[in-house]
There are 2 protein chains.
Amino acid sequence: MANPRSRTRPARTGSGVTLQQVAEHAGVSLATASRVLHGSGTRTVGEELRRRVESAAEELRYISNAPAQALARSTSAVVGLIVHDVADPYFGAIAAGAMRAAREHRLMVMIAATFREPGLELEYLRGLRAQRARAVILAGSGTTDAAATARLAEEIAGFEADGGRVVCIGERDPELDTVAMANHAGGGLAVRGLWELGHRRIGVVSGPEELLTVSQRLDGARDALRSLGARLDPADVRTGDFTRAGGRAAAVRLLTERPDLTGVLVLNDVMAAGALAGLRDDLGLSVPDRVSVVGFDDVPFAADLRPSLSTVRLPLEAAGEAALRLLLDPAPDTPASPRRIPLDADLVLRGSTAAPPER
Amino acid sequence: MANPRSRTRPARTGSGVTLQQVAEHAGVSLATASRVLHGSGTRTVGEELRRRVESAAEELRYISNAPAQALARSTSAVVGLIVHDVADPYFGAIAAGAMRAAREHRLMVMIAATFREPGLELEYLRGLRAQRARAVILAGSGTTDAAATARLAEEIAGFEADGGRVVCIGERDPELDTVAMANHAGGGLAVRGLWELGHRRIGVVSGPEELLTVSQRLDGARDALRSLGARLDPADVRTGDFTRAGGRAAAVRLLTERPDLTGVLVLNDVMAAGALAGLRDDLGLSVPDRVSVVGFDDVPFAADLRPSLSTVRLPLEAAGEAALRLLLDPAPDTPASPRRIPLDADLVLRGSTAAPPER
DNA sequence: CTGTTAGCGCATTCAT
DNA sequence: ATGAATGCGCTAACAG
């Protein structure tokens, strides 16, 4: 594995060395060198030449030129991953899963963060098209903005027409391959969990209404409540940004204006962390004695909050992996029906939930 | 598969449209089309032609071919970012900062996670070289493994010889441009903070010894103690993985074997979260009444732990931004001295620290 | 099994 | 200001 430091010779650094040079150095043709170094499958090169090429490449410190390869074979080894925010643990987990799978397939991942700026998703998708990414994972939630959605759909169609593959994490467009997160079911699980603990006055701290993820989770909660013979009063729902600060503010408003609530479902864990802080520090309400709180996602730090956060667990890393696998799997030669990988949600009850206070 | 020319009609979708086609559609030469669409600086194209090319591109839904451009101009618009783990909030924050800056410069970010597997860093650096990334940010900590370090240095040298730029986040190699994190100083700040609160028996929950980041932080703590007239007994230090579980196990061992300790410095927040859990759940030791705990990094969830975590704050996002800026800044035509951007650390005292218990 | 040849899509001199 | 001609490094037929 060590390298024979036989320096002081012609060939300088591994710099700008081309396949052509490797071929010459090995005394073979360009084609042969290409076959042994990048040969796809058919290893039809004699033992002797193969060896010569390999050592020549090693000696010259040859490094293949991916852009050139991409140009020649019109397909690259890079996949794109578009998220809202890498610093958000939800996306961090998804990215980790996708990257782990990417590594197995020796793919490079080009990542783009929209920082929740609408329009940036489209821009990055174009950028990824320009890079000739082989596929793209749309990890962020879809939107109810029809115009934006239409433009994005058009861009996606173009990308697919070019042979690019696209998969979404979370329902977004029924036409697209998607790794379906149990958002609706999860919302229901949370509500039922609270209900079973005895809660009858349940409220929701929601995220931006235009996010599909949000509306799915909210609908799940609403439907569950209805099936339980109750209903979700719009006044028992408060909206905030999908951030810690947003969760804190919304939770404080909710409990201030609807003090009879005993159970609160917060639509994601990051917001829940803020909600816990707000209830405790701003309102002095004890969780879970006075109010029970259920989060959503089960990000890594959820169990470390105090009280530890009861939450709806989503298999985030698995989602990332599944998405990447979907990207590579059986070629879509069967453009028949878009594929869909449904992932389950579980309710994890921890310290932030308990029976409602006596009254 | 793909059929060149002899297309019956002007290509339909935005698919496979080439600059050549745009040029023809606009009735100009390839060169002119290139100048208006990708023209770097010199905008020497007549108003009329410019307009024609632009609308042709728009009409045909032209999307430039980055690999082809990279090949032709032998430089790309992608920068690489190598981290240990994207799901770790420390790297998440750095990545967010880098990506924000990348966006400003219209750069695409290719990200790679080594998942702390030694050797993978080298492999990914090669991959990034193959992609002809314009620059690479090495965000993970360096190692004391001399062999690995040497091989990496060689690879870096090759990359730079090819015109690639490299910057490290955290000291690693004095020859390289680096965004210096105040690891040593931070370790000192933490110890002094504890000392000032009255602690005289201070221990450390450390990370893998081979990580430079770890040894720097540890040295900082050790030096501060010494300057305070005390010393860090090796027996007061326990090592664990740079993970929550690692922190928990190490903290439990430390306090079990050294029960007289009243203050503990945990070398990163993720480990600290585990330490807090271990002290509380495994040993039943109250923080901060019985033991004070100080973490390192100040990741987003640090303030949400209970007790909220006192920690050494590092400007993570700023580091990511600084690294990316360093990559682009004044060309290194002055290979004189590698540049170094020092970033400060602050001690943030929260709920996990207090005066030591009376005795 | 190995060498020849013709592009892939675009940036760039070099003329005009 | 604009066009024609070259070549970037590599893959993929297509011969031998």
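Just so you know, these numbers use all the heavy atoms, side chains as well, and skip hydrogens, waters and symmetry mates. Letters A, B, ... are given to chains in the order of the sequence lines, protein chains preceding strands, and every chain is numbered from 1.
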Treating A:Arg339 as the side-chain partner and A:Leu326 as the backbone partner, does any N or O pair qualify as donor plus acceptor under 3.5 Å? yes
Closest approach to the side chain of A:His38, judged atom by atom: which nucleotide of D:dT11, C:dG3, C:dG9 is it? D:dT11
Once you apply a heavy-atom cut-off of 4.0 Å, does B:Thr32 come out as touching a base, just sugar-phosphate, or nothing? sugar-phosphate
Would you say the ring centroid of A:His84 lies under 6.0 angstrom from that of A:Phe91? yes
Within the structure, does a side-chain N or O atom of A:Ser29 lie under 4.0 Å from either OP1 or OP2 of C:dG3? yes
On DNA chain D, compare the nucleotides closest to B:Leu49 and A:Leu71; which residue's is nearer the 5' end? B:Leu49
Quick one: which protein N/O atoms are closer than 3.5 Å to N/O atoms of nucleotides 12-16 of chain D? Pair and distance per line, please.
none

Should the pair A:Glu155-B:Arg61 be classified as a salt bridge under the 4.0 Å nitrogen-to-oxygen rule? no
Identify, between B:Gly27 and B:Ala68, the residue whose nearest nucleotide on DNA chain D lies closer to the 5' end. B:Gly27
Would you mind reading off the distance between A:Gln20 atom CD and D:dT11 atom P, rounded to a whole angstrom? 12 Å
Does a nitrogen or oxygen in the side chain of B:Gln69 sit under 4.0 Å from OP1 or OP2 of C:dA11? yes
Contact class for A:Leu19 (heavy atom, under 4.0 Å): base, sugar-phosphate, or nothing? sugar-phosphate
